[in-house]
Student: 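Supplied in structure tokens, the structure appears directly below.
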There are 4 protein chains.
Amino acid sequence: MTHPRKKIPTLVKDQRLIQKRREQMIAAAVSLFTEKGFHKTTTREIASKAGFSIGTLYEYIQSKEDVLYLVCDAIHQELEDRLLPVLKEQATGRESLVQAIRRLFEIMDHMQDQILIIYQEAKSLPADTLRYVLKREEEITSIFEQVLKKGIEDGSIAMDPKDVKLMAHNIMVLGEMWVFRRWALAKNFTLEEYIDKQTAMILNQISYRAQAEESQIS
Amino acid sequence: MTHPRKKIPTLVKDQRLIQKRREQMIAAAVSLFTEKGFHKTTTREIASKAGFSIGTLYEYIQSKEDVLYLVCDAIHQELEDRLLPVLKEQATGRESLVQAIRRLFEIMDHMQDQILIIYQEAKSLPADTLRYVLKREEEITSIFEQVLKKGIEDGSIAMDPKDVKLMAHNIMVLGEMWVFRRWALAKNFTLEEYIDKQTAMILNQISYRAQAEESQIS
Amino acid sequence: MTHPRKKIPTLVKDQRLIQKRREQMIAAAVSLFTEKGFHKTTTREIASKAGFSIGTLYEYIQSKEDVLYLVCDAIHQELEDRLLPVLKEQATGRESLVQAIRRLFEIMDHMQDQILIIYQEAKSLPADTLRYVLKREEEITSIFEQVLKKGIEDGSIAMDPKDVKLMAHNIMVLGEMWVFRRWALAKNFTLEEYIDKQTAMILNQISYRAQAEESQIS
Amino acid sequence: MTHPRKKIPTLVKDQRLIQKRREQMIAAAVSLFTEKGFHKTTTREIASKAGFSIGTLYEYIQSKEDVLYLVCDAIHQELEDRLLPVLKEQATGRESLVQAIRRLFEIMDHMQDQILIIYQEAKSLPADTLRYVLKREEEITSIFEQVLKKGIEDGSIAMDPKDVKLMAHNIMVLGEMWVFRRWALAKNFTLEEYIDKQTAMILNQISYRAQAEESQIS
DNA sequence: TATGAATGAGTATTCATTCAT
DNA sequence: GATGAATGAATACTCATTCAT
């Protein structure tokens, strides 16, 4: 169902070892990229913070960019892992949406360092690899598309199906905005206030009365 | 009225020359940063593309980061210079808002490369310098605050004054989103459609009927 | 007993290798510094003459100044290693002094290039590091202090103990003078003559008859 | 009588101007070379501290080394100008010697920064130019040769004429030693003490009783 | 599998010197 | 005579990557 991840070739064969080493590597890299950015972090530092030698690092990756990709992918994975459990089968689309927005924003608050890495460093990935990361971002965005569609179907959400995709992106971006405009927002709002206000705005778009307005604007 | 810019020291004294050389330098840097990013662009490339030698480059700046700052500042200046003229004294706040949103989004579309530079490279600025750039971003955001306030005063816009700041940031981010989610949005919408839909959504938040709804959500 | 040397940090761990590489590095640097001086010698030249790459050089030092320090320290070490063996337990202070002066002057003649490096380049060391080098110079000077004191004790040398330190410095400087005034001295004297004459002068100061004279001078 | 100075070509013709500019230049350079050394001082700094532009600097010299030469020569000139007046026609050689030694050591104390420049930076002069500086040093040394010879002639000094040259060099070096071993000497002696002790030692060499001793040493 | 020494291409920055005005 | 903008060769130092052990 989900898009396949990029395979990063390895000189090592033991799968369990690969996973362990990569977890160490990713944890080290996240903390270093957060602190100094991708370019100012050296592979030596990553290896050393991960607890092994530079030679060993290169047994598990082929280039520094590979580390960045693994980091991005792990972040997306964690984001998804934290977001999905909030969706309940029995809830209406609207209920799920409110929950998912809250959860998304809380995740953004909690993972702000990691989110920033994706925003600021992903561009350093080779074009090919970047595509995997963007695909992943799209997959996560599509979670909101699903929720919105469910709401339309069960009647709890009123909106033009053609607008579902845009709305899903809007929600993601409003979440990320809490991270990358934090310097301005945190001066004026708590996370709670931010969630409440943005949720209200989003809900306002998908209620019946809103639909009438839309036509008379432009 | 506006926040003062950072002064970048120069070895050259002739002000006219400084301006001319810096314009050349900025133009060269924008194109190179867009193409390869800040870190992968060398100072020699900047100088050479600007049409002078590496020695001359350093007569007009003190470090590579200075070039990045000048680029960011010039981009913000151009953005503001393009945005402000759309505001007319005699228009209502609501009319101005619609115009300004359209203009902002068009500018984002037109200056996408530059906007991306700010988003992706500003983090490489020294902390001190970054503050100047963020301050500038806030100034531009406050243009929308002014417009919203005017609308509230002249009765053309209905919203809680406490929400003005957040709404202004939302508008800016929805504009920038056209740039940094272009890989997803451009597949589904034209700029026109994007402007219309997002404008509708924003207007929906600031119409009288919307106000009633807001309270009953959370 | 001797003052501790400055530790120069290394990226390499193998102590034997460190010693070997540093010996290569020092030999290369001495010859280059002699030929062109510290400032006009490039790190690349040092590495290349030492037989390894510039990258390898920096595995064993942290800065070009580190090389200079290592060179100075090695020179002092060699000087001391050549000087000390001349001192015999059973000799009188006066006998030891004559031997040590001769040996010192011979060393100066033999190591003139190296001595010049210390004289002319040590000032380029960071203040902290320079202190280590001067301390070392003082240690070597104190060898002559010991010899003089021994002579006073065993009665073979007659001088005011308060003058021991100055005399030790004088001896060292008269030795170094053979190096840095060589352009004038070598035209007029052989090393043998120089040793004889200066030794005579020094001995003249520490003989009983000399003491009487001193008081009637100033 | 004195050795001719090196001519440093000029683009400017007005001799009075040349002298004025060079004085400014030398004063600036001495202070900068003292503070940071020759290599770390830039020509721009020299020009700026001298009160004119870099372009003007090069109207009066041809290379940075020329500045160093002018500085060395000016220092030697000042040294000589301060030393010579102490010599009185009517005094005995021995009296003159004592006076000249005292004066020399006082000059060394007073001009320590400048003396250090000659000691540490002269090696950066082109070989040709260096010869002029060494010649000058020899000239100054020969002042002491003259005094010693006069003493021998008038019977106030007892020494082998063949040792005059060496003794003159010894005196010069013992003076310079107050500068370049200041880090060690100043901890133990005042200038007065230093002068007294070294003078005593020198006089001890040139008194009749000393002569006897000399033969029996080696 | 793990190590870490070796490599050398790459890069920001400096600075003596020139020359048109 | 004075100025100062322009030049570009030169240089210390870094760091991703390799490979022998």
Side-chain angles (χ1 to χ4, degrees), chain A residues 10-14 17-18 21 39-48 51-67, chain B residues 10-14 17-18 21 39-48 51-67, chain C residues 10-14 17-18 21 39-48 51-67, chain D residues 10-14 17-18 21 39-48 51-67:
Chain A
T10 294
L11 292 179
V12 174
K13 280 150 194 174
D14 180 338
L17 201 47
I18 293 177
R21 293 289 187 231
H39 278 102
K40 293 198 174 157
T41 299
T42 68
T43 51
R44 267 176 148 105
E45 285 170 317
I46 296 170
S48 145
F52 37 76
S53 72
I54 183 66
T56 300
L57 180 69
Y58 275 86
E59 298 271 311
Y60 295 92
I61 52 156
Q62 308 224 79
S63 74
K64 194 184 172 192
E65 278 74 28
D66 284 353
V67 180
Chain B
T10 294
L11 290 179
V12 172
K13 292 164 183 171
D14 182 334
L17 203 47
I18 293 175
R21 293 287 184 239
H39 279 103
K40 293 200 174 156
T41 299
T42 69
T43 51
R44 288 190 123 81
E45 286 170 316
I46 297 171
S48 142
F52 36 75
S53 73
I54 182 64
T56 299
L57 180 69
Y58 275 88
E59 296 263 306
Y60 294 91
I61 51 154
Q62 309 224 79
S63 72
K64 195 183 171 192
E65 278 75 27
D66 283 353
V67 180
Chain C
T10 296
L11 289 179
V12 171
K13 293 163 184 173
D14 182 335
L17 203 47
I18 293 175
R21 294 285 185 239
H39 277 102
K40 292 200 175 155
T41 299
T42 69
T43 52
R44 287 189 123 83
E45 285 170 317
I46 297 170
S48 143
F52 35 75
S53 72
I54 180 67
T56 299
L57 179 69
Y58 276 89
E59 297 264 307
Y60 294 90
I61 50 154
Q62 309 224 80
S63 71
K64 195 184 171 190
E65 278 76 25
D66 283 353
V67 181
Chain D
T10 295
L11 292 179
V12 173
K13 281 152 193 170
D14 180 339
L17 201 47
I18 293 177
R21 293 288 186 233
H39 278 102
K40 291 198 176 158
T41 299
T42 68
T43 51
R44 267 178 147 103
E45 286 171 317
I46 297 170
S48 145
F52 36 76
S53 73
I54 180 67
T56 301
L57 181 70
Y58 275 87
E59 298 270 311
Y60 294 92
I61 52 156
Q62 308 221 81
S63 74
K64 194 184 172 191
E65 279 74 27
D66 283 353
V67 180

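All figures in this text were calculated on a predicted structure; none of them were measured in a lab. Below, chains carry the letters A, B, ... as their sequence lines are ordered, and counting in each starts from 1.
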Student: In whole angstrom, give the distance that lies between atom CD1 of A/I18 and atom P of E/dT1.
Tutor: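 Taking CD1 of A/I18 and P of E/dT1, I get 8 Å after rounding.
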Student: To the nearest angstrom, how far is B/E45 atom CD from E/dT13 atom P?
Tutor: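 One finds 15 Å between P of E/dT13 and CD of B/E45, rounded.
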Student: Please report the closest heavy-atom contact between B/I46 and B/V67, naming both atoms and the distance.
Tutor: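 Nearest pair, atom of B/I46 first, then B/V67: CD1-CG1, 4.2 Å.
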Student: Quick one: the dot-bracket string of DNA chain F, using Watson-Crick and G-U wobble pairs with both distances under 3.5 Å, [ ] for crossing pairs and | for bases paired to another strand.
Tutor: .||||||||||||||||||||
Student: Assign each of A/K13 and D/Q62 to its nearest nucleotide of DNA chain E by heavy atoms, then name whichever residue's nucleotide is nearer the 5' end.
Tutor: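 Closest to the 5' end, via its nearest nucleotide, is A/K13.
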Student: Indicate the atoms forming the closest heavy-atom contact of B/T43 with B/L57, along with that distance.
Tutor: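 Smallest interatomic distance, heavy atoms only, reads O-CD2, 3.6 Å.
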Student: Does anything in residues 52-62 of chain B form a salt bridge (charged side-chain N to carboxylate O under 4.0 Å, His left out)? List the pairs, not counting sequence neighbours.
Tutor: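 Of all non-adjacent pairs touching residues 52-62 of chain B, those that pass salt bridge (charged side-chain N to carboxylate O under 4.0 Å, His left out) are B/E59-D/R44.
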Student: Sequence neighbours excluded, which residues qualify as side chain to side chain donor-acceptor pair (under 3.5 Å) partners of C/T56?
Tutor: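 By the side chain to side chain donor-acceptor pair (under 3.5 Å) rule, C/T56 matches C/S53.
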Student: Residues in salt bridge (Lys or Arg N to Asp or Glu O under 4.0 Å) with D/E65, at least two apart?
Tutor: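 If we apply the salt bridge (Lys or Arg N to Asp or Glu O under 4.0 Å) test to D/E65, skipping adjacent residues, there are no hits.
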Student: Let me know the distance between CD1 of B/I61 and C1' of E/dT14, rounded to the nearest Å.
Tutor: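 These atoms are roughly 13 Å apart.
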Student: Across the strands shown, which category fits A/L11 at heavy-atom distances under 4.0 angstrom: base, sugar-phosphate, nothing?
Tutor: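 Nothing, no heavy atom under 4.0 Å.
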Student: Within the 4.5 Å heavy-atom criterion, are D/L17 and D/Y60 side-chain neighbours or not?
Tutor: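 A side-chain contact under 4.5 Å exists here.
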Student: CG of B/L57 versus P of E/dT14: gap in Å, rounded?
Tutor: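 Taking atom P of E/dT14 as the reference, CG of B/L57 is at 11 Å.
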Student: Need two values: the first and the last nucleotide of DNA chain F, 5' to 3', having an atom under 4.0 Å from any heavy-atom of chain A.
Tutor: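 It runs F/dC15 to F/dT18.
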Student: For residues D/Y58 and D/K64, report the shortest heavy-atom separation together with the two atoms involved.
Tutor: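 Smallest heavy-atom distance, with atoms named: OH-N, 4.2 Å.
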Student: If I take atom CD1 from residue D/I18 and atom CD1 from residue D/I61, how far apart are they, to the nearest 0.5 angstrom?
Tutor: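 It comes to 13.0 Å.
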Student: Which label fits B/H39 and A/H39: parallel for a plane angle under 30°, tilted from 30 to 60°, or perpendicular past 60°?
Tutor: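 Correct class here is parallel.
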Student: Name the pairs: protein N/O against N/O of nucleotides 9-11 of chain E, kept only if under 3.5 Å.
Tutor:
unit_1	atom_1	unit_2	atom_2	d
E/dG10	O6	C/R44	NH1	3.0
E/dG10	O6	C/R44	NH2	3.4

Student: Identify the heavy atoms of C/D66 and C/Q62 that sit nearest to each other, and give their distance.
Tutor: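 Where C/D66 meets C/Q62 most closely, the heavy atoms are OD2-N, 2.9 Å.
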Student: When you match C/E59 and B/T56 each to their closest nucleotide on DNA chain E, which lands nearer the 5' end?
Tutor: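 Comparing both residues, the 5'-ward one is C/E59.
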